[in-house]
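Working notes, beginning with the structure itself.
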Amino acid sequence: MQDTLGRTFDFPTAPQRVVSLVPSITETLFDLGAGDSVVGVTDFCIFPPDLALPRVGGTKNPRVEEIHALAPALVHMNLEENLRRHGDAIEAFAPVFVSEPKSVDDVATLILQLGEIHHRRERAAELVALLNAERASLPPRSFTFACPIWKNPWMWCGGDTYVSRLVESAGGTNVLRDRLRYPQIPLDDVLALRPDIVFLPDEPYLFTREDAEAITGTRVIGPFPGHLFTWHGSRTIEGLRFLREVLG
């Protein structure tokens, strides 16, 4: 199989010592039943609860020497969350599998890939079935939306982001769909585009109730746990369920 960078990998046996530098993949590995192979995680890996494993730093500042000391057979990284220079340094002593899902379909593919890598194919198929069932349960609807990820300056999810495409799967149309990545646009300029809904996740920026009350003239959903929008993998199932519930 190939990772996001187009590199080919073959895992005839499941890797027994794995470091995950992607919080959402850490959770997904445990949901796949491959948690026993994980020997190191980031400071931001909060699922499953009470995770008691060595912490090797953040997603943007992992301590490569500590990862090396864990003697991993595989390290999971994400093209957006992690930095290339750390991946290059880690590849001196361990294979690095890089992912970057940008849609619900991409998430399904990633889960199946993880099932192949970690020899949990049956469980991966079950998770994908749950994902597809949750997506199919979303009632038909049509609405426009915007979703900020930062304030001071205001930054928003453009049309090519995972967050945007997750909400699109529930019938949404991003008012910034023609913008790439995370453009900086003043709040009033985005509100002038008349989104039906502004979503306020609590990560990466910790939006507050006061922020929500300051946005007028449209429906505001949030603040809510940001991982429901920003984490991919098995957490996508929860994200779709959240959309079904809050959109009514």
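- For the side-chain hydrogen bond (donor to acceptor under 3.5 Å, both in side chains) criterion with Thr144, the lone passing option out of Thr218, Asp196, Asn174 is Asp196.
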For side-chain contact (heavy atoms from CB on, under 4.5 Å), just list the numbers for Val39 and Leu53, CA-CA rounded to whole Å, side-chain angles, deciding distance to a tenth of an Å, and then say yes or no. CA-CA 6 Å; Val39 296; Leu53 285 170; 5.7 Å; no
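- Both Met155 and Tyr205 are part of a single hydrophobic cluster, where members link through side-chain heavy atoms under 4.5 Å apart.
- Under the 4.5 Å side-chain heavy-atom criterion for grouping Ile, Leu, Val, Met, Phe, Trp and Tyr, Leu110 is not connected to Val75 through any hydrophobic cluster.
- Between Phe143 and Val167, some side-chain heavy-atom pair lies under the 4.5 Å cut-off.
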side-chain contact (heavy atoms from CB on, under 4.5 Å) evaluation trace for Leu176 with Leu193: CA-CA 9 Å; Leu176 300 175; Leu193 298 174; 3.8 Å; yes
Applying side chain to side chain donor-acceptor pair (under 3.5 Å), run through Ser164 and Glu168 and close with a yes or a no. CA-CA 6 Å; Ser164 183; Glu168 287 171 5; 3.2 Å; yes
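- Between the side chain of Asp3 and the backbone N or O of Arg7, at least one donor-acceptor pair lies under 3.5 Å.
- The two residues Pro195 and Ala146 have their closest heavy-atom pair at CB-N, 4.0 Å.
- With contacts defined as side-chain heavy-atom distances shorter than 4.5 Å, the pair Val104/Leu166 qualifies.
- Checked against the 6.0 Å centroid threshold, Trp231 and Phe242 do not count as a close aromatic pair.
- Between Leu200 and Ile221, every side-chain heavy-atom pair lies at or beyond the 4.5 Å cut-off.
- The distance between the ring centers of Phe47 and Phe30 does not fall below 6.0 angstrom.
- Closest heavy-atom contact between Gly87 and Val96: O-CG2, 4.0 Å.
- In the hydrophobic clustering of this structure, Leu187 does not group with Phe145; members are Ile, Leu, Val, Met, Phe, Trp, Tyr whose side-chain heavy atoms approach within less than 4.5 Å, directly or through other members.
- The 12-atom threshold is exceeded at CD of Gln2, counting heavy atoms of other residues, nucleotides or ligands nearer than 6.0 Å.
- Side-chain contact check for Ser20 and His76: no donor-acceptor pair (N or O, by modelled atom type) lies under 3.5 Å.
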Assess the residue pair Tyr162 and Phe229 against the criterion (ring pair (Phe, Tyr, Trp, His ring centres under 6.0 Å)); give the C-alpha distance rounded to whole Å, side-chain angles, the decisive distance to 0.1 Å, and a yes or no. CA-CA 8 Å; Tyr162 168 75; Phe229 269 26; 8.8 Å; no
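- For the pair Arg179 (side chain) and Asp160 (backbone), a donor-acceptor distance under 3.5 Å is absent.
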So Asp211 and Thr208, side chain to side chain donor-acceptor pair (under 3.5 Å) or not? Walk me through it. CA-CA 5 Å; Asp211 292 320; Thr208 65; 3.2 Å; yes
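- With sequence neighbours excluded, the residues forming a side chain to side chain contact (heavy atoms under 4.5 Å, CB included) with Thr59 are Pro23, Thr42, Phe44, Glu81, Asn82, listed by chain and number.
- Residues Val220 and Val190 share a hydrophobic cluster, clusters being chains of Ile/Leu/Val/Met/Phe/Trp/Tyr side chains in contact below 4.5 Å.
- Put simply, CZ on Arg141 and CG on Leu243 are 8.0 Å apart, with the number rounded to the nearest 0.5 Å.
- In terms of modelled atom types and a separation under 3.5 Å, the side chain of Asp189 and the main chain of Ile185 share no donor-acceptor contact.
- The line from CD of Glu27 to CG of Leu51 is 10.5 Å long, rounded to the nearest 0.5 Å.
- The minimum heavy-atom distance linking His86 with Asn61 is given by the pair CE1-CA, 4.1 Å.
- A 4.5 Å side-chain heavy-atom check between Leu83 and Pro62 finds every atom pair outside the cut-off.
- Nearest heavy atoms, Leu240 versus Ser169: CD2-OG, 3.4 Å.
- Arg120 places no side-chain N or O within donor-acceptor distance of the main-chain N or O of Gly115, the cut-off being under 3.5 Å.
- Between Val64 and Ala89, the shortest heavy-atom distance links the atoms CG1-CB, 4.1 Å.
- Within the structure, every pair that satisfies the salt bridge (Lys or Arg N to Asp or Glu O under 4.0 Å) test and touches residues 55-73, not counting sequence neighbours, is listed here: Arg63-Glu66.
- Under the 3.5 Å distance criterion, the side-chain polar atoms of Gln16 are matched with a main-chain donor or acceptor of Ala14.
- Distance alone, capped at 3.5 Å, places no donor-acceptor pair between the Thr161 side chain and the Cys157 backbone.
- Taking CG of Asp31 as the reference point, atom CG of Leu130 lies at 10.0 Å (rounded to 0.5 Å).
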Check against side-chain contact (heavy atoms from CB on, under 4.5 Å), Val246 and Phe224: CA-CA 11 Å; Val246 299; Phe224 59 87; over 6 Å; no
One pair to check against side-chain contact (heavy atoms from CB on, under 4.5 Å): Leu191 and Thr216. What are the steps and the verdict? CA-CA 9 Å; Leu191 294 181; Thr216 59; 5.6 Å; no
Begin with the C-alpha distance, continue with both residues' side-chain angles, and end with the deciding distance and a verdict on salt bridge (charged side-chain N to carboxylate O under 4.0 Å, His left out) for Arg84 and Glu91. CA-CA 10 Å; Arg84 181 62 181 263; Glu91 283 188 314; 5.6 Å; no
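- With respect to Ser37, the side chain to side chain contact (heavy atoms under 4.5 Å, CB included) criterion is satisfied by exactly one of Arg17, His118, His119: His118.
- At least one donor-acceptor pair closer than 3.5 Å links the side chain of Thr4 to the backbone N or O of Glu100.
- With values rounded to the nearest 0.5 angstrom, Cys147 atom SG is found 8.5 Å from Trp156 atom CH2.
- Between Thr230 atom OG1 and Ile149 atom CD1 the span is 9.5 Å, to the nearest 0.5 Å.
- When all heavy atoms of Pro201 and Phe207 are compared, the closest pair comes out as O-CD1, 3.2 Å.
- Between Glu238 and Arg235 there is no salt bridge, since no side-chain nitrogen of the basic residue lies less than 4.0 Å from a carboxylate oxygen of the acidic one.
- Trp150 and Val175 fall within the same hydrophobic cluster, defined by Ile, Leu, Val, Met, Phe, Trp and Tyr side-chain heavy atoms under 4.5 Å apart, directly or through other members.
- For the pair Val56/Leu21, a side-chain contact is recorded, criterion being any heavy-atom separation below 4.5 Å from C-beta on.
- A distance of 8.5 Å separates CD in Glu134 from CG in Leu131, rounded to the nearest 0.5 Å.
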